Amino acid sequence: MELSNRDIQIQMGSQLSEQSSREDLPSLLIQVPSRTIAGFDCVGRDAVFPAALSERNNKDTVISIQAPATPPAAAPVRAYDDTQIPYSLSISMPASPSGLHFSQFRAASVRRNEARAAVAPSDTKQVEAQSPRLLQQTRFHSQPILHASQINDGTRRADSTRDKRFDPFKTFSGRLERQLSNLRGRPLDPMDLGSHHSKISEETDQVPGTDRYFDALEGPELDTLRATEVAVLPNDEQWPFLLRFPISAFGMVLGVSSQAILWKTLATAPPTAFLHVSLAVAHALWYISLALMGLVSCIYLLKIVFYFEAVRREFHHPIRANFFFAPWIACLFLVQGAPRELAQVHHGVWYMLMAPIFCLELKIYGQWMSGGQRRLSKVANPSNHLSIVGNFVGALLGAKMGISEGPIFFFAIGLAHYIVLFVTLYQRLPTNVTLPKELHPVFFLFVAAPSVASMAWAKINGEFDNGARIAYFIALFLYMSLAVRINFFRGFRFSLAWWAYTFPMTGASIATITYATEVTNVLTRTLSIGLSGIATVTVAGLLVTTMFHAFVLRDLFPNDVSIAITRRKPKFSKILAHFRSSSSDMKELVLSVSKSPNTDSDSSVTDTDPSVTKGKAEP
Amino acid sequence: METISDSLKPCVSQPLSAKGAGLAEAGDGGTMLKASPAPSKPPRLVASRFAMLTRFHAGYFRISLALSGQALLWRTLSDRSTDPSALHPLVQSLPSAAFVLLWSLALLTLFALCVLYVARCVVRLPAVRAEFRHHVGMNYLFAPWISWLLLLQATPFLPPEAPSYHMLWWAFSLPILVLDVKVYGQWFTRGRKFLSMVANPASHMTVIANLMTARAAAKMGWHEGAVAMFAVGAAHYLVLFVTLYQRFLGSDSLPAMLRPVFFLFFAAPSMASLAWCSISMSFDTGCKMLFFLSMFLFASLVSRPTLFKRAMRRFSVAWWAYSFPLTLLALASAEYAQEVREPAASVLMLALAVLSVLVTLALMVFTALRPNDLLPHDDPFFAGTLPAR
């Protein structure tokens with residue numbers, strides 16, 4: 001098939017050589033009259049080529065383009081009218097660096113489809129619609145596409161304007177959208193359903209295994225693509241907003257609602273009563289967090305409805321899976337910070353909020369227990385604290401609401417699994433690849449569990465007894481050992497998940513105030529005010545940074561590459577081509593290329609990438 | 001089965017056939033076994049008469065564990081039935097005659113299995129040594145002593161204060177102590193037997209043995225000994241719990257046919273809850289927390305049926321591992337319901353007790369129907385560890 005393409009090209013080249021001499025083009029480039037095939041070249045606006053050639057009758061060459069195996073194209077399908085025959089450059093080397101891997105991917109898929117077209121000429125029309133946004137890229141016309149079949153133009157044009165690249169991530173692989181467009185009156189193209197699975201979607205049919213997440217991603221939050229990896233979606237343009245909206249956005253609600261509880265405690269607790277903080281601050285913060293919760297939940301619900309595949313991939317991500325607890329913990333915080341007496345809240349609210357946490361725990365802890373790919377010695381990372389803290393927060397709230405057995409239940413589960421996680425993280429097992437070598441704000445999650453556990457135990461027992469004190473002192477010690485290392489928290493890219501790391505500081509402050517209520521002296525009062533101040537300042541600073549990123553830099557929601565990794569390792573040739581065109585330096589290129597044959601096999605433990613330019617996961 | 005010699009037939013056939021509710025006669029058992037076809041190896045008929053001893057291993061004590069546990073459960077429930085606020089006419093209708101029958105059955109089974117195992121030690125000592133070195137097998141050496149302690153606690157005619165009770169307790173606890181020192185010492189001192197390498201769900205048996213000793217001691221009135229044994233058991237349980245959750249080795253530590261042993265995950269906290277309840281004389285918050293933990297682990301395992309799919313394809317002695325943990329959970333829930341006098345707790349206790357009884361009955365029926373599968377030729381447990389086949 002490809003041989004015949006080249007023949008045709010040479011044919012065309014020889015025919016046109018006299019014409020090319022008229023142009024001021026280097027001999028490397030041949031200007032060929034390209035036949036625009038609707039669905040592939042529908043770039044209506046690139047009619048930039050001189051109209052001087054328009055009088056050329058290219059009907060002969062048009063026919064020669066068609067390969068023998070295809071059914072006779074009675075009417076050449078054009079996306080636009082015959083008067084303007086578009087000419088484009090046939091370049092024999094890769095075009096732009098940024099778009100290379102994508103177009104090569106597509107060229108590969110097209111080649112695949114050509115082979116298939118030879119076998120079954122009567123079915124699929126393969127090519128996808130190019131969105132107008134790809135205008136800026138150079139067309140890759142060296143392999144003219146063989147057009148296999150004819151379907152009526154109208155539907156193709158209608159569907160071709162829809163960007164199908166993100167379909168694999170959509171719910172039911174885009175069928176929902178097609179149904180919607182079907183309902184809107186446009187006839188459905190039955191070939192589309194078949195064609196989708198022969199393309200990029202075969203990479204995204206199933207969720208990648210846990211090993212793939214570790215192999216393909218790096219960084220303390222596993223959100224940076226390794227240099228040897230290729231994303232399924234184009235990384236150089238902005239994806240749809242819903243696709244970029246991560247679950248860690250719920251961290252914002254966690255941060256703000258815990259601040260509301262802190263200010264409420266500051267206003268009501270005896271040790272800090274001398275500050276005369278008004279309750280209005282707490283209420284204002286509470287309403288803000290309520291609104292934020294509503295907003296974030298709506299957006300994420302939309303993401304679930306429209307991009308369920310992406311949500312599924314997020315759930316299987318080793319770090320993001322823990323953030324699925326965040327909405328429920330945030331709801332628990334909201335109930336706790338509500339401007340009404342907790343004893344008056346109906347018990348059913350507590351049961352309703354703990355039920356999803358319970359189900360999530362059954363899934364995630366069960367995965368730890370039964371071994372396999374997601375066992376704890378492999379996936380343990382500080383974000384796992386989020387799955388543990390939910391137990392303690394629920395126990396605290398339940399005890400405050402007056403429920404007796406339920407809080408003990410969740411406290412027991414939380415304590416047992418916290419001990420396991422704590423030991424595992426402290427061990428830093430060699431099989432654990434997710435722990436970052438450098439310090440990262442995620443380490444503050446260590447402080448969350450003991451501080452909330454101490455408050456929960458105190459509430460369950462009715463007094464701040466020895467057990468609560470032990471837990472509180474552990475929390476304080478961890479806080480201190482992180483605070484004195486504040487110098488090492490540098491060099492990290494801001495991400496929305498940082499909000500989730502502020503609630504441990506706030507939790508520690510509230511626990512300190514609770515302790516100070518029990519043991520009142522100058523030291524504890526100072527400590528409580530100092531910690532509260534630090535927490536508030538941190539949150540304020542984070543708010544400013546978020547605003548800055550949102551409105552000035554406009555990169556608050558970058559492309560979420562961690563869900564767009566390929567299911568299998570990309571082939572060596574692709575990696576090589578990717579590197580030839582990418583802007584990485586030679587050292588990285590050489591080292592990565594030399595490592596690629598080794599890492600081509602699916603080893604479970606990933607090797608270190610020699611380029612240590614950014615913070616990396618431990619091997 | 002076809003290798004049973006005439007001399008061993010009466011002894012052997014009795015426990016294996018007596019599992020069924022109505023097959024207590026020896027003659028029937030013998031006939032049944034003789035009549036069962038020997039499908040695969042007729043030439044083996046003239047093989048060694050003791051070849052069955054080769055295939056017998058300590059894992060068979062799961063049967064005695066299950067039956068003794070049932071006896072204790074019935075005893076506890078019938079004790080509770082005298083408490084007017086607790087339950088339910090359902091439990092009160094359990095006649096004491098049935099309980100005595102169950103207890104005798106458990107005693108006979110245990111006795112027969114012990115005799116068999118002694119015979120195995122005498123005749124096949126290398127096999128016993130190999131079993132002791134195996135990372136799964138060594139834990140089941142605790143099983144006979146646990147069964148004896150269970151029977152001791154469930155005994156209808158011996159009060160805990162009697163001197164013979166004390167003597168029996170010492171007789172059963174000393175071996176456990178010796179085994180403790182050996183096995184636990186190996187965990188952190190000996191080369192290839194580090195805990196991270198040998199940890200598997202069957203290791204819970206060691207912990208349960210210690211906790212059972214503690215409970216029996218507490219019932220006996222010896223507080224210090226009880227706390228000492230509890231401390232040893234709890235400390236090692238903590239270490240084991242963390243190690244097993246980490247799953248350093250992945251799922252390789254236990255063969256797929258032994259997945260029912262995963263039920264021991266929730267047996268250990270239930271036993272700890274029972275032991276602490278006996279020590280502290282009331283079901284306080286610590287006991288509640290342990291009980292809730294075991295309930296959570298139970299829910300977690302029950303919601304993963306695919307974990308057990310491979311093991312459920314063929315009946316084997318590993319299936320008996322389902323019964324004992326359920327019995328322990330039912331016992332713990334009985335104590336919980338006793339403390340928290342809520343209808344929900346009583347319902348939970350009833351449900352768990354019924355479940356445990358049904359599972360044990362089902363296992364007895366299965367054993368009666370398929371005695372061949374109980375002593376398979378290709379026991380996956382000991383593929384390759386036994387010297388003589």
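Letters A, B, ... are given to chains in the order of the sequence lines, protein chains preceding strands, and every chain is numbered from 1. Note that the structure is predicted; figures quoted are calculated from it, not measured.
- Proximity to chain B (any heavy atom under 4.5 Å) is shown, for A:Leu421, by neither the backbone nor the side chain.
- The shortest heavy-atom contact between B:Ala299 and A:Leu362 is C-CD2, 3.9 Å.
- Around atom CZ of A:Phe477, no more than 12 heavy atoms belonging to other residues, nucleotides or ligands sit under 6.0 Å away.
- Residues B:Tyr245 and A:Tyr365 have side chains in contact (heavy-atom distance under 4.5 Å, counting atoms from C-beta outward).
- In terms of heavy-atom proximity, B:Lys288 sits nearest to A:Glu405 at NZ-OE2, 3.2 Å.
- A pairwise comparison of heavy atoms in A:Gly366 and B:Ser300 identifies CA-OG, 3.7 Å as the closest pair.
- Annotation: the span from B:Met289 atom CE to A:Ile408 atom CD1 amounts to 8.5 Å, rounded to 0.5 Å.
- A:Ala416 and B:Phe241 get closest at one heavy-atom pair: O-CE2, 3.6 Å.
- Looking at heavy atoms from C-beta onward, A:Glu361 lies in side-chain contact with B:Phe296 at the 4.5 angstrom threshold.
- The most heavy-atom pairs under 4.5 Å with chain A, out of B:Glu342, B:Met295, B:Arg304, come from B:Arg304.
- Here the OG1-CH2 distance, from B:Thr285 to A:Trp457, works out to 5.5 Å after rounding to the nearest 0.5 Å.
- Nearest heavy-atom pair across A:Ile413 and B:Leu293 is CA-CD1, 4.5 Å.
- More than 12 non-hydrogen atoms from other residues, nucleotides or ligands lie less than 6.0 angstrom from CH2 of A:Trp350.
- Contact of B:Phe262 with chain A is made through the side chain alone, with heavy-atom distances under 4.5 Å.
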